[in-house]
Structure formats: structure tokens, C-alpha cells
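Working notes for the structure below.
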Amino acid sequence: MAGGDEVPVANKTLDSTSPLYMHPSESAGSMLVPIAFDGTGYRSWIRGILRALSVKNKLGFITGKCKKPTSDSSDLDQWERCDDMVTSWILNSLSKDLADSLQYVNDAKELWQELEDIYDQTNGAKLYQLQKEINDLSQGSLDITGYYTKMKKLWEELNSLNIHAKCTCKCICGARDNMLKAEQDRRLIQFLMGLNEV
């Protein structure tokens with residue numbers, strides 16, 4: 001290996017920027033996040049998983065961007081090893097019961113899709129619960145940093161639930177910026193209303 005950054009694969013060398021590159025220290029027994037997902041807190045867990053896979057340059061295995069090579073390709077074995085590694089990392093980042101129920105998926109993309117189908121459900125009850133928590137939150141015995149952190153976490157979770165309602169068009173009239181400013185003002189007022197009087 002040249003400088004520890006390249007791995008020979010079927011008479012060619014992979015550099016460390018290739019999604020098929022596996023660092024020698026990586027193990028199928030590793031977890032991608034410190035706490036296994038047990039069915040609650042999906043949005044927080046998924047953010048951690050996506051970040052970890054991005055750092056390892058393996059997001060393409062769950063998004064389908066890193067496609068399985070044809071059966072006659074010299075990269076097939078390496079792709080399968082990498083896909084098995086990603087699948088193992090995700091399964092290790094689940095509670096034992098959840099991991100056991102997903103052991104027979106074919107690849108990382110299928111595993112990811114199964115998790116999304118089961119847990120990535122935006123529903124009125126969850127939106128209601130989050131909005132109620134935000135409305136009921138007050139500083140109480142928290143210091144101002146703790147209060148803000150708690151409220152910001154709830155806002156971020158609410159944002160992630162409303163991901164499909166976000167505008168992605170190229171706005172030239174300024175309406176999108178005005179809506180963003182109005183939302184920031186609403187949050188500021190909400191934050192100030194929950195502060196202690198002193």
C-alpha cells in the first residue's frame with residue numbers, strides 16, 4: 001500500500017476518496033452512533049447515521065448513488081464488502097430487537113429503505129406533540145443556555161418533520177425570505193415568553 005491510503009482491488013488501486021475504499025481500521029462490529037436506536041428518537045438517530053456515513057464516504061450505499069457493479073465487473077467483490085460493512089454498521093446502531101427483525105435485508109439501501117418506511121412517518125399526532133412541547137416550554141429552573149438548547153432541539157425536530165413543506169424554488173420576489181424572517185420573529189417571541197421574569 002502506498003502511504004496507507006491506497007488499497008489494491010483486482011489489479012487496480014483505490015485511493016481514499018473512492019466510496020469503495022475501506023480503511024484498515026474499520027470493523028464490521030463498529031457502531032456509527034453512540035446510542036443504539038430502539039424505536040424512539042428516529043430523527044436524531046438518523047442525523048447521526050447520515051453524518052457518520054458521510055465522513056466515511058459511504059452515503060452512496062444507502063442513497064443508491066454508489067450502484068452495485070455488474071456481475072462481470074472487477075469491482076463487484078469490493079462493492080459487496082463495502083455494502084456489507086455499511087449494512088453491519090447500521091444494524092449495530094440498532095437495538096438488538098430491531099436489528100434481529102432486519103437481518104435478512106439484501107443490502108444497505110434496502111435496509112435504509114425499510115427503516116424509512118417504518119419510522120419516517122410524519123403524522124399529525126407527532127406534529128401536535130412537538131408544537132405542544134414548544135408552546136409549554138418555559139425556562140423554569142434551567143439556565144438561559146439550557147432553556148435555549150432545549151427549545152432549539154424541539155424547533156429542529158419540528159423542522160425535520162416539515163421537510164416536505166420547504167420551498168425549493170428559486171424565489172425572486174422575496175416572499176421566501178419574508179416567510180423565513182416571520183418564522184424567526186415568531187420563534188424569538190416564543191423564546192422570550194418562556195423566560196423567567198427575573
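Treat the numbers as computed from the prediction; the structure is a model and nothing was measured.
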* To do: Please assess D177 against K181 for the test salt bridge (Lys or Arg N to Asp or Glu O under 4.0 Å), listing each intermediate value before the final yes or no.
  => CA-CA 6 Å; D177 292 338; K181 175 73 171 106; over 6 Å; no

* Asked: Does S27 offer a backbone N or O that forms a donor-acceptor pair with the side chain of S30 under 3.5 Å?
  -> yes

* To do: For the pair E26 (side chain) and H23 (backbone), establish whether a donor and an acceptor sit closer than 3.5 Å, ignoring hydrogens and angles.
  => yes

* Structure fact -> Closest non-hydrogen contact found for K109 with T63 is CE-O, 3.9 Å

* Looking only at heavy atoms, which two atoms of N57 and S18 are closest? And how far apart? -> ND2-C, 3.6 Å

* Does any N or O in the side chain of N92 come within less than 3.5 Å of the main-chain N or O of S88, such that one atom is a donor and the other an acceptor? -> yes

* Under 6.0 Å from the CG atom of L188, do we count more than 12 heavy atoms belonging to anything else shown? -> yes

* Side-chain donor-acceptor pair present, D143, T145, cut-off under 3.5 Å -> no

* Side-chain donor or acceptor of S54 paired with backbone N/O of L50 under 3.5 Å -> no

* Asked: Any luck finding a side-chain donor-acceptor pair between S95 and D97 under 3.5 Å?
  -> no

* Rounded to the nearest 0.5 Å, how far apart are CG of L115 and CD1 of I90? -> 7.0 Å

* Main-chain N/O of G140 paired with N196 side-chain donor or acceptor, under 3.5 Å -> yes

* Structure fact -> d(C82 SG, M22 CE) to nearest 0.5 Å is 5.0 Å

* To do: Using only heavy-atom distances, determine whether the side chains of D136 and S138 contain a donor-acceptor pair under 3.5 Å.
  => no

* Asked: Do Q131 and I134 have side-chain heavy atoms sitting under 4.5 Å apart?
  -> yes

* **Check: M31 main-chain N/O paired with S93 side-chain donor or acceptor under 3.5 Å** => no

* For F61 against C66, the heavy-atom pair lying closest together -> CZ-SG, 3.6 Å

* Asked: Do K68 side-chain atoms and W79 backbone N/O form a donor-acceptor pair below 3.5 Å?
  -> no

* Test log, rule salt bridge (Lys or Arg N to Asp or Glu O under 4.0 Å), inputs E156 and K153 -> CA-CA 5 Å; E156 292 298 324; K153 181 179 181 281; over 6 Å; no

* About how many Å separate CG of L137 and NZ of K150, when rounded to the nearest 0.5 Å? -> 6.0 Å

* Measure the CG-CD1 distance between L195 and I144 for me, rounded to the nearest 0.5 Å. => 5.0 Å

* Answer with yes or no whether the side chains of R81 and Q78 bring together a donor and an acceptor at under 3.5 Å. => yes

* Asked: Under 4.5 Å between side-chain heavy atoms, hopping through other hydrophobics if needed: is there a path connecting L32 to I35?
  -> no

* Can a cation-pi geometry be assigned to K56 and W89, taking NZ or CZ under 6.0 Å from the six-membered ring centre and within 45° of the ring axis? -> yes

* Asked: Hey, does the side chain of D185 reach the backbone of R187 with a donor-acceptor pair shorter than 3.5 angstrom?
  -> no

* **Within 6.0 angstrom of F191 CZ, more than 12 heavy atoms from elsewhere** => yes

* At their closest point, which heavy atom of G194 faces which heavy atom of Y147, and how far apart are they? -> CA-OH, 3.1 Å

* To do: Please list, chain by chain and in numerical order, all residues satisfying side chain to side chain donor-acceptor pair (under 3.5 Å) with W112, sequence neighbours excluded.
  => E116

* Report the C-alpha distance between W45 and I49 in whole Å, list the side-chain angles of each, state the deciding distance to 0.1 Å, and finish with yes or no for side-chain contact (heavy atoms from CB on, under 4.5 Å). => CA-CA 6 Å; W45 177 82; I49 295 290; 3.5 Å; yes

* Can you find a heavy atom in the side chain of E157 that is under 4.5 Å from one in the side chain of R47? -> no

* **Q184 vs L180 side-chain heavy atoms within contact, under 4.5 Å** => yes

